[in-house]
Amino acid sequence: GSILPKVQIADMRAEMQVGNKSVFSRTLDAMLTERLARGEQAMLFMNRRGYSNFVSCRSCGKAVTCPHCDVSLTLHGKNRLVCHYCGYTIPLMKQCPSCGSPYIAGFGAGTQKMEEFTKIRFPDARILRMDADTTAKKGGHEAILEAFANREADILIGTQMIAKGLDFPNVTFVGVINADMGLFLPDFRASERTFQLLTQVAGRAGRGEHRGEVLIQTSNPFNSAITAAAEHDWDTFYADELPIREELKFPPYGHLLTLHFDGEDPSAIEQFARQLMTRIAPVLDPETEVTEPMPCPIERIKGRYRYQAVFRAGKLGRLKQALREECCRRHPKGISIYLDIDPVSML
């Protein structure tokens, strides 16, 4: 019997033009202030944990990266750097490891920094944070959700953990801090995932007797995934997305098959991958499109290099069988391969 929440979009480009460099738009600030004054609860969604997205040197420009993975380390708290892929942790250094400059600092924001900012802006508000760090201990999820359900906090800040499945009747406002975060990933489902996530998190507001309101902060206010989510318009997003999939022969208009290779020696992986591709060439149908073996978007994780070849076709029958046979062959020592048919992620 509830009414879908009213959703507004805040253009963060316009906020910058009027001198607002805060992570809160003026509208979000006003809406949070109003909810707190009425004794209602709010949720702030930011799909990135940590204090800063990465730490970089202002002298040489290099970011501090994980020695085992091709990703930057994330600043947690104000003195700990963590890799979100392998768990590698080091203290925050006082000098740049590349050039020795003391001008090294965190950039961007995660849930930890958002919590700190919100406490400064609303010092009387009771705030809880829910992410992989605060729920690491046994019973962490339950303790946070129970406290919020019992109205022991006014604002719940969280990552994807708070986007779906939660039912708090006193939550009348949801703020999405950076809706663009997953919009431009190198994955053809990036827009679809953004639409899903915004739709899900919007559904946390207004589940009681009062209609909810949602504010989506974005620098791409005319992107179809964001505008359709704001209108609760599944049909329009579907109609906008399908022609793109059809033109590129992506699901549901074709099949994708990703062949993954990983090992410790990138040159050995590439050599083996090219030999394998030569062996299976005779079974490829003329309409099958295939890429050369190439590094994955994140080339190295936990010290192992990752390559992939992507096949795109209407039918994959003969190709699947040939690749399954290849997977059962003995491979060079230290190299493993596996298939992912119609993968849910291209990363």
Can you see which heavy atom on [X] is nearest to which on [Y], and at what distance?
X: Pro97; Y: Met93; answer: CD-CG, 4.1 Å
X: Lys315; Y: Asp285; answer: O-OD2, 4.4 Å
X: Lys320; Y: Leu257; answer: CG-CD1, 3.8 Å
X: Ala42; Y: Phe148; answer: O-CZ, 3.7 Å
X: His331; Y: Ser336; answer: ND1-CA, 4.5 Å
X: Asp29; Y: Phe122; answer: O-CZ, 3.9 Å

Between [X] and [Y], is any pair of side-chain heavy atoms under 4.5 Å apart?
X: Met16; Y: Lys21; answer: yes
X: Val201; Y: Leu197; answer: no
X: Phe173; Y: Pro5; answer: no
X: Ser98; Y: Cys57; answer: no
X: Lys164; Y: Thr199; answer: no
X: Phe24; Y: Leu44; answer: yes
X: Leu73; Y: Cys66; answer: yes
X: Ser191; Y: Thr194; answer: no

N/O donor to acceptor pairs below 3.5 angstrom from side-chain atoms of residues 338-347, sequence neighbours left out:
unit_1 : atom_1 : unit_2 : atom_2 : d
Asp342 : OD1    : Leu256 : N      : 2.9
Asp342 : OD2    : His255 : ND1    : 2.9
Ser345 : OG     : Leu347 : N      : 3.2

Measuring from atom [atom1] of [X] to atom [atom2] of [Y], what distance do you get when rounded to the nearest 0.5 angstrom?
X: Thr118; Y: Ile157; atom1: OG1; atom2: CD1; value: 3.5 Å
X: Asp265; Y: Gln271; atom1: CG; atom2: CD; value: 9.0 Å
X: Leu215; Y: Leu28; atom1: CG; atom2: CG; value: 5.5 Å
X: Asn170; Y: Gln41; atom1: CG; atom2: CD; value: 4.5 Å
X: Met130; Y: Ile144; atom1: CE; atom2: CD1; value: 5.5 Å
X: Met277; Y: Leu259; atom1: CE; atom2: CG; value: 7.0 Å

Salt bridge between [X] and [Y], side-chain N to carboxylate O under 4.0 Å?
X: Arg26; Y: Glu15; answer: yes
X: Arg329; Y: Glu326; answer: yes
X: Arg13; Y: Asp11; answer: yes

Taking [Y] as the starting point, is it possible to reach [X] by hopping between hydrophobic residues whose side chains are less than 4.5 Å apart?
X: Leu276; Y: Val310; answer: no
X: Tyr103; Y: Val55; answer: no
X: Phe45; Y: Leu166; answer: yes
X: Val82; Y: Val64; answer: no
X: Ile177; Y: Ile155; answer: yes

Geometric class of the Phe195/Phe237 ring pair [parallel <30°, tilted 30-60°, perpendicular >60°] = parallel

query = Considering residues at least two apart in sequence or located in another chain, which fulfil the ring-ring contact (aromatic ring centres under 6.0 Å, His included) criterion with His84?
reply = His76

Within the side chain of [X], is there an N or O that forms a donor-acceptor pair under 3.5 Å with the backbone of [Y]?
X: Glu299; Y: Asp70; result: no
X: Arg304; Y: Ile335; result: no
X: Asp187; Y: Arg189; result: yes
X: Asp180; Y: Phe184; result: no
X: Asp154; Y: Ala125; result: no
X: Gln217; Y: Ser25; result: yes
X: Arg245; Y: Pro251; result: yes
X: Arg204; Y: Ala163; result: yes
X: Arg126; Y: Arg151; result: yes
X: Arg211; Y: Leu4; result: yes

query = Got a sec, which hydrophobics cluster with Val71, joining ILVMFWY side chains under 4.5 Å apart, including via others?
reply = Tyr85, Ile298, Ile301

query = Which other residues belong to the hydrophobic cluster containing Tyr238, where Ile, Leu, Val, Met, Phe, Trp and Tyr are joined when side-chain heavy atoms lie under 4.5 Å apart, directly or via other members?
reply = Leu242, Tyr253

Do other residues, nucleotides or ligands put more than 12 heavy atoms under 6.0 Å from the [atom1] atom of [X]?
X: Glu34; atom1: CD; result: yes
X: Glu231; atom1: CD; result: no
X: Glu247; atom1: CD; result: no
X: Glu146; atom1: CD; result: no
X: Arg279; atom1: CZ; result: yes

ask   = With Val7, which of Ile226, Val214, Val174 fulfils side chain to side chain contact (heavy atoms under 4.5 Å, CB included)?
value = Val214

ask   = What do the steps show when you test Gln200 against Gln160 for side-chain contact (heavy atoms from CB on, under 4.5 Å), and what is the final call?
value = CA-CA 10 Å; Gln200 287 166 347; Gln160 205 162 320; 5.8 Å; no

task = Just do the side-chain contact (heavy atoms from CB on, under 4.5 Å) check on Ile244 and Phe250 with the steps written out, would you?
result = CA-CA 8 Å; Ile244 301 171; Phe250 282 159; over 6 Å; no

Verdict with reasoning, Lys6 to Glu213, per side-chain contact (heavy atoms from CB on, under 4.5 Å) = CA-CA 5 Å; Lys6 177 184 177 182; Glu213 288 191 82; 4.1 Å; yes

request  = For Ser59, check side chain to side chain donor-acceptor pair (under 3.5 Å) against everything at least two apart and list the hits.
outcome  = Ser101

ask   = Does Arg129 have any side chain to side chain donor-acceptor pair (under 3.5 Å) partners at least two apart in sequence or in another chain, and if so, which?
value = Glu115, Asp131

query = Are Leu284 and Phe311 close enough, and set up right, to give a side-chain contact (heavy atoms from CB on, under 4.5 Å), and what steps lead you there?
reply = CA-CA 10 Å; Leu284 295 179; Phe311 301 82; 4.0 Å; yes

request  = Examine the side chains of Thr89 and Arg80 and answer whether a donor and an acceptor come within less than 3.5 Å of each other.
outcome  = no

